[in-house]
Amino acid sequence: MEPTIVSGTEVSNKVKDDIAREVEQIKTQGGKVPHLAAVLVGDDGASRTYVNAKVKACERVGFGSTLVKLDADISEAELLSEVERLNNDPDIDGYIVQLPLPKHIDEQKVTEAIAPEKDVDGFHPVSLGKMLLHLPGFLPATPAGILEMIKHYNIPTEGKHCVVMGRSHIVGSPMSVLMMRNDYPGNCTVTVVHSRTQNLKEITRQADILIVAIGKPEFVTADMVKEGAAVIDVGIHRIDDPSKKSGFRLLGDVKFDEVAPKCAYISPVPGGVGPMTIASLLKNTLLAVSLNQ
Ligand code: NAP
């Protein structure tokens, strides 16, 4: 079977083009141009890459963007006062604090200090509560991006069995809620599996839709997947590869080459969920402008 490749690159480009058109319209009408800020603490290579990609995406759609770089040894109190400053800056519509933070800083405390109306990452308890209640608000960027991909490719979800692998606060848990909601995409019967799950393979093999967010390179093999399934791979791993100019290549949580022939739909890494996360962040920033007006 030739699977349909669920291309996050393609869908995210479409989302960005739509946003760029909206920004043009806002500018013509003299409205508030959306402005996203990103806070980067320390100099972790992967975090820097993600943040730079977010800033570049802002430029592409015509948003204002601000990058706040802070030293790795900044105290928690200093970071919290920076968060407070961004909360009170009327020009910033939304902002993110790039995770992970250095070990001496309590991530949950920082996440909760972000004003809920500027929480474009969708990690604040208020955002997650609204998601659970199906109220308008910011959806966590990665799960929201996955919904957008499913919608774009018209992947059927109603009545399907969706197995979500992983229960993190930023991907697995919200994803399971969204796939269960009475909506499209949604209306699935959802099973969540995690590191304590027994008989994992028996469960994943029942999935019509398998969403994998466990952070283990190429963990999901062909024998774990049902014929004709839709597989969405959230994992992202940099593997050293001296043959590449960059010195590394990217792998997902799914062994793509052997799983793909069994699937009706599959998302690749790179070019799958990654670009969608950024597109969702931009969508949330646009939403922030309208919600806050
Ligand atoms: P995480 O916080 O490390 O959570 C991993 C989850 O997987 C946990 O719930 C863990 O179970 C579960 N798990 C670990 N090993 C397992 C196993 N052998 N079988 C079943 N479940 C297992 O990870 P995350 O933040 O959700 O991220 C997951 C992956 O997605 C990572 O590779 C990350 O880099 C990537 N990611 C990509 C994007 C993107 O934009 N593409 C965004 C976010 C994350 P326990 O709860 O029991 O520990």
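When a ligand or atom number is given, it counts from 1 through the structure's own listing order. All values below were derived from every heavy atom in this structure, side-chain atoms included, with hydrogens, water molecules and symmetry-related copies excluded.
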Sequence neighbours excluded and cut-off under 3.5 Å, please list the side-chain donor-acceptor pairs for residues 273-289, or say none.
from : atom 1 : to   : atom 2 : distance (Å)
T277 : OG1    : T142 : OG1    : 3.1
T277 : OG1    : V273 : O      : 3.4
S280 : OG     : A141 : O      : 3.0
S280 : OG     : G145 : N      : 3.0
S280 : OG     : M276 : O      : 3.0
K283 : NZ     : E148 : OE1    : 2.8
N284 : ND2    : V120 : O      : 2.7
N284 : ND2    : L139 : O      : 3.0
T285 : OG1    : L281 : O      : 2.8

Pair N199, R205: side-chain N/O donor-acceptor within cut-off below 3.5 Å: no

Pairs meeting criterion side-chain hydrogen bond (donor to acceptor under 3.5 Å, both in side chains) with involvement of residues 62-79, two or more places apart: H35-T66, S75-E78, E76-K109

Neighbouring protein residues of ligand 1 - any heavy atom closer than 4.0 Å: T142, G166, R167, S168, I170, V171, H194, S195, L200, A213, I214, G215, K216, F219, V234, G235, I236, H237, V273, G274, T277

SB check D233 K255 (cutoff 4.0 Å): no

D93 with K118: basic N within carboxylate O range, under 4.0 Å: no

Residues that K244 engages under side chain to side chain donor-acceptor pair (under 3.5 Å), provided they are two or more places apart: none

